[in-house]
Amino acid sequence: MCGIIGYIGKRQAKDILIGGLRRLEYRGYDSAGLAVLNQAGLSVQKSQGKLGKLVNQLQSDQCIGNVGIGHTRWATHGIPSKTNAHPHYDSKEDIAVVHNGIIENFRHIKTSLEAAGRRFTSDTDSEVLPHLIGSFYKGDLLQAVKGALRQVEGNYAIAVISTHEPTRMVAARKGSPLVIGLGENEHLVASDVTAMLEHTNQVVYIEDDEIVDINMEDVRISTLAGEAIQRNAATVMWDISQVQKEGYPHFMIKEIMEQPSSLRQTISERIQSGRVVFPELEPLRECLGNPDEFNQIVFLGCGTAYHAGFVGKYMIEKFARIPATVDMSSEFRYSSPVLTPRTLVVAISQSGETTDTLAAVRYAKEHGAAAIAISNVVGSSITREVDVTINMYAGPEIAVAASKTYTSQLAVLSLFALYVANLRQPLDADSTETLLKDILQLPSHVEKVLTQASSIEHIAKRYSTFNHFLYLGRHINYPSALEGALKLKEISYIHAEGYPAGEMKHGAIALIDDDMPVVCIVSESEVHEKMLSNIQEVHARKGRIIAIATKGDLEIEALFQDTIYLPQIHEFASPILIAVAFQLFAYYVAAHRGLDVDQPRNLAKSVTVE
Ligand code: M6R
């Protein structure tokens with residue numbers, strides 16, 4: 001969590017830092033701050049709350065200079081407050097640091113620095129960094145940062161500036177993302193590329209235990225141990241319009257509406273002449289196709305990504321007939337999972353930076369498993385942990401709530417299941433063909449769901465005052481119910497629970513009354529009749545039903561007024577359409593409640609702490 005940015009060049013750093021922080025705000029928005037170097041020393045401004053507050057309070061003569069750092073915070077150690085906001089600086093106010101991560105041994109370091117006379121002003125773990133760097137400073141900022149980092153345990157991405165060396169910036173990474181943007185006589189440092197897209201598309205991804213010495217002309221990377229690193233710049237394919245709202249009131253609705261095109265990007269190159277192709281899976285192709293090699297698949301992810309993995313489990317078992325399980329990354333390594341060299345882990349992470357997922361993958365690899373990542377961010381941390389990465393190409397997602405990246409994850413997983421299935425056994429031609437055809441048509445099917453946005457808004461408006469919701473689904477759409485409920489919870493702050501419909505009568509049915517809207521997934525499927533019976537059970541107890549059904553389902557039409565209709569589609573592709581309907585519903589409920597849809601309270605998009 002937290003976003004960091006740094007600029008060194010000829011332009012006013014303040015404007016560039018604020019622009020970058022605006023893009024990074026999805027990573028945390030408890031407080032924001034800037035530190036800029038000028039002749040008077042270090043000019044620092046901070047504020048509790050969102051970046052907008054800092055911008056409003058900044059006066060035109062503050063933070064003037066061409067070298068500076070900025071931070072947007074998701075609080076871990078210390079409450080959200082102005083004092084705990086970054087940048088932090090040392091007692092003499094000549095070294096300033098922004099930090100993303102956690103310094104685990106900060107108490108120990110703080111105690112010894114305090115004993116040596118250093119005065120701390122915040123409750124954060126991060127504040128030990130400027131003091132520690134200060135204690136190592138002997139005229140060379142790079143060496144001082146190196147000395148300090150050798151003492152710290154935990155993870156970090158940092159950017160450091162000092163009044164002693166006003167034309168230099170030092171940055172380093174261990175466990176938190178860091179990228180350098182290369183410009184003409186100017187350089188940027190940031191937590192991710194979206195923060196620098198306005199200025200450059202030439203970037204260098206920094207790896208763990210590397211430190212970067214930056215000035216206007218030059219960027220030198222080395223390991224903490226001192227070995228010089230030569231790394232070519234990568235070209236970022238995203239463009240600036242993708243990280244702007246372009247007339248939409250929120251990023252979330254823009255990203256929901258982008259799904260026909262994001263799905264097209266995810267799918268198009270991967271179906272050729274009626275077959276699924278995954279060139280990136282070539283190194284694992286033989287093992288994937290051989291039942292004597294991989295005999296178990298474990299899907300891992302957190303939040304929405306976990307729900308995608310849950311759908312993946314159904315798909316791989318149905319088509320490839322490989323036993324599969326799904327685990328929340330945060331639980332996985334504490335549950336003594338049985339892993340062997342014949343286990344394949346499929347880790348799903350939009351950001352590729354979720355700490356729990358990274359740790360779960362590391363654990364699986366240490367215990368002999370092979371690992372694939374499905375990620376949306378090229379060069380993200382997870383890509384360095386796994387054997388093979390599948391990029392989803394959904395484009396940048398700014399809203400904290402995942403929308404287009406979830407549907408792209410599902411599309412990748414359905415193609416992955418068919419790919420593996422084809423390597424293992426000739427599939428029932430009919431069902432593969434219909435599924436492939438439907439996958440290819442997903443963009444246009446999604447367009448049809450999106451055309452119902454105003455009727456979904458109408459339903460959402462009427463239900464936006466309720467405080468509890470139940471989402472019911474079965475089989476492959478049980479995870480869809482979980483995801484629908486999560487979406488509503490995270491952006492509208494309404495309590496919502498996803499539940500397997502068949503389990504309801506074993507307890508949860510006691511909750512049903514006319515204050516409990518129940519969202520029922522009753523689209524065409526092999527459990528359609530069973531789902532209908534479950535709905536009747538809710539109906540009989542005066543539950544208010546919002547149905548998600550397939551167009552033309554006369555039985556549902558006759559029974560329920562509040563129905564969202566989906567185009568006819570293969571059952572295994574239906575979670576994608578259902579997700580879009582649920583995203584629209586949650587979005588409009590939150591918007592009608594007047595909430596901050598893109599930056600819901602307490603959340604951050606990349607969860608880089610355990
Ligand atoms: O970047 P990741 O996919 O690893 O993120 C995992 C979750 O934190 C994420 O899906 C979260 O649940 C979203 N806010 C859901 O909308």
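Order of appearance sets the numbers: ligands from 1, and atoms from 1 within every ligand. Every heavy atom of this structure was used, including side-chain atoms; hydrogens, water molecules and symmetry mates were not. All residue numbers in this chain count up from 1 along the given sequence.
Under the 30°/60° scheme for interplanar angles, the aromatic rings of F278 and F416 are found to stand perpendicular. The aromatic rings of F469 and F466 stand perpendicular to each other, their planes meeting at an angle above 60°, with 30° marking the opposite boundary.
Heavy-atom distances between T357 and ligand 1 stay at or above 4.0 Å for every pair. Residue K487 places a heavy atom less than 4.0 Å from ligand 1.
Considering backbone and side-chain atoms together, Q409 places no N or O closer than 3.5 Å to any N or O of ligand 1.
In summary, the atoms of ligand 1 found under 4.0 Å from a heavy atom of A402, numbered by their order in the structure, are 15 (C), 16 (O). Each of the following atoms of ligand 1 lies closer than 4.0 Å to a heavy atom of E490: 13 (C), 14 (N), 15 (C), 16 (O). Of all atoms in ligand 1, numbered sequentially from 1 with element shown, those under 4.0 Å from a heavy atom of T304 are 10 (O), 12 (O), 15 (C), 16 (O). Atoms of ligand 1 found under 4.0 Å from any heavy atom of S349, numbered from 1 in the order shown, are 1 (O), 2 (P), 3 (O), 4 (O). Ligand-side atoms of ligand 1 in range of A305: 3 (O), 10 (O), range being under 4.0 angstrom from any heavy atom. Each of the following atoms of ligand 1 lies closer than 4.0 Å to a heavy atom of A401: 16 (O). Short contacts between ligand 1 and G303, defined as distances under 4.0 Å to a heavy atom of the residue, involve ligand atoms 12 (O).
Note that CZ of F585 is 7.0 Å distant from CD1 of I564, once rounded to the nearest 0.5 Å.
Checked for salt-bridge contact, E385 and K365 miss the test: no charged N lies under 4.0 Å from a carboxylate O. In this structure, E397 pairs ionically with K605, as a charged nitrogen and a carboxylate oxygen lie closer than 4.0 Å. Between E104 and K174, none of the side-chain N atoms (NZ, or NE/NH1/NH2) sits under 4.0 Å from a carboxylate O, so this pair counts as no salt bridge. In summary, E255 and K404 do not engage in a salt bridge, as defined by a charged side-chain N under 4.0 Å from a carboxylate O. Using a 4.0 Å cut-off between charged side-chain N and carboxylate O, R601 and E490 make no salt bridge.
Checking each of R384, R173, R231 against E210 for a salt bridge (charged side-chain N to carboxylate O under 4.0 Å, His left out) leaves exactly one that passes, namely R231.
Counting protein heavy atoms only, atom 6 (C) of ligand 1 is closest to C302 O, 3.2 Å. Looking only at protein heavy atoms, the nearest one to atom 1 (O) of ligand 1 is S351 OG, 2.6 Å. Shortest contact from atom 3 (O) of ligand 1 to any protein heavy atom: Q350 N, 2.7 Å. In terms of protein heavy-atom proximity, atom 8 (O) of ligand 1 is nearest to V607 CG2, 4.0 Å.
Taking 4.5 Å as the limit, every side-chain heavy atom of W74 sits out of range of all side-chain heavy atoms of V607.
Here the shortest heavy-atom distance to atom 2 (P) of ligand 1, taken over L486, T354, I382, belongs to T354.
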